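Report on the structure given below.
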Amino acid sequence: MFVARVTKIERGDRGQSVTMEISTTWKGTKGKVVTVETGLGGGDCGYGFEEGESYLVYAYQRKIEEGSAGPLRTGICSRTRPLAKARGDIKALGPAKIPPV
């Protein structure tokens with residue numbers, strides 16, 4: 001869980017890779033920049049990120065094999081939302097941390 005601004009969106013045939021700059025974090029991030037994968041939208045549950053906008057992101061990782069995790073992912077069924085609409089969530093999450101450089 002983190003707050004981040006979208007800096008780049010790369011669309012492919014099977015989804016999107018969204019690069020974000022993290023401003024605050026609660027759990028699951030290491031560093032200031034992260035890439036999150038999501039679908040293209042419609043039936044694949046992809047989240048419609050926009051470059052330059054900030055979001056509260058609820059991301060997850062699936063274990064690929066023992067000791068190895070896949071990429072961070074999010075979608076429309078998570079609580080990911082624009083930062084302007086996330087005040088209640090941020091209050092409930094409590095104190096955040098600033099990510100390491």
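Since the structure is predicted, the reported quantities are computational estimates derived from the model, not experimental observations.
- When side chains are defined from C-beta on, R11 counts as touching I9, because their heavy atoms get closer than 4.5 Å.
- For residues 80-97, every residue pair satisfying the side chain to side chain donor-acceptor pair (under 3.5 Å) rule, not counting sequence neighbours, is listed here: Y58-D89, T74-T80, S78-T80, R79-D89.
- The shortest heavy-atom contact between S23 and P99 is O-CD, 3.5 Å.
- When the side chain to side chain donor-acceptor pair (under 3.5 Å) test is applied to E53, no partner is found at least two apart in sequence or on another chain.
- With sequence neighbours excluded, no residue forms a ring pair (Phe, Tyr, Trp, His ring centres under 6.0 Å) with F2.
- Here the side chains of I98 and I22 are not in contact, with every heavy-atom distance at 4.5 Å or above.
- The minimum heavy-atom distance linking G46 with I76 is given by the pair O-CG2, 3.2 Å.
- Remark: K27 pairs with M1 by the side-chain contact (heavy atoms from CB on, under 4.5 Å) rule, at least two apart or across chains.
- Each ring-ring contact (aromatic ring centres under 6.0 Å, His included) pair with one or both residues in residues 13-36, not counting sequence neighbours, would appear here, but there are none.
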Take M20 and V36, measure what side chain to side chain contact (heavy atoms under 4.5 Å, CB included) needs, and give me the verdict at the end. CA-CA 8 Å; M20 305 174 141; V36 177; 4.0 Å; yes
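- The same ILVMFWY cluster, assembled from side-chain heavy atoms under 4.5 Å apart, contains both F49 and L72.
- Counting heavy atoms from C-beta outward, V34 and V57 have side chains that stay 4.5 Å or more apart.
- Side-chain atoms of T7 come within 3.5 Å of backbone atoms of T19 as a donor-acceptor pair (strictly under, hydrogens ignored).
- Within the structure, every pair that satisfies the side chain to side chain donor-acceptor pair (under 3.5 Å) test and touches residues 34-52, not counting sequence neighbours, is listed here: E37-R73.
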Please determine whether side chain to side chain contact (heavy atoms under 4.5 Å, CB included) holds for the pair Y55 and V6, giving the CA-CA distance in whole Å, both sets of side-chain angles, and the decisive distance to 0.1 Å. CA-CA 8 Å; Y55 298 86; V6 175; 3.6 Å; yes
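- Distance alone, capped at 3.5 Å, is enough to place a donor-acceptor pair between the Q16 side chain and the G39 backbone.
- In terms of heavy-atom proximity, S54 sits nearest to R5 at OG-CB, 3.6 Å.
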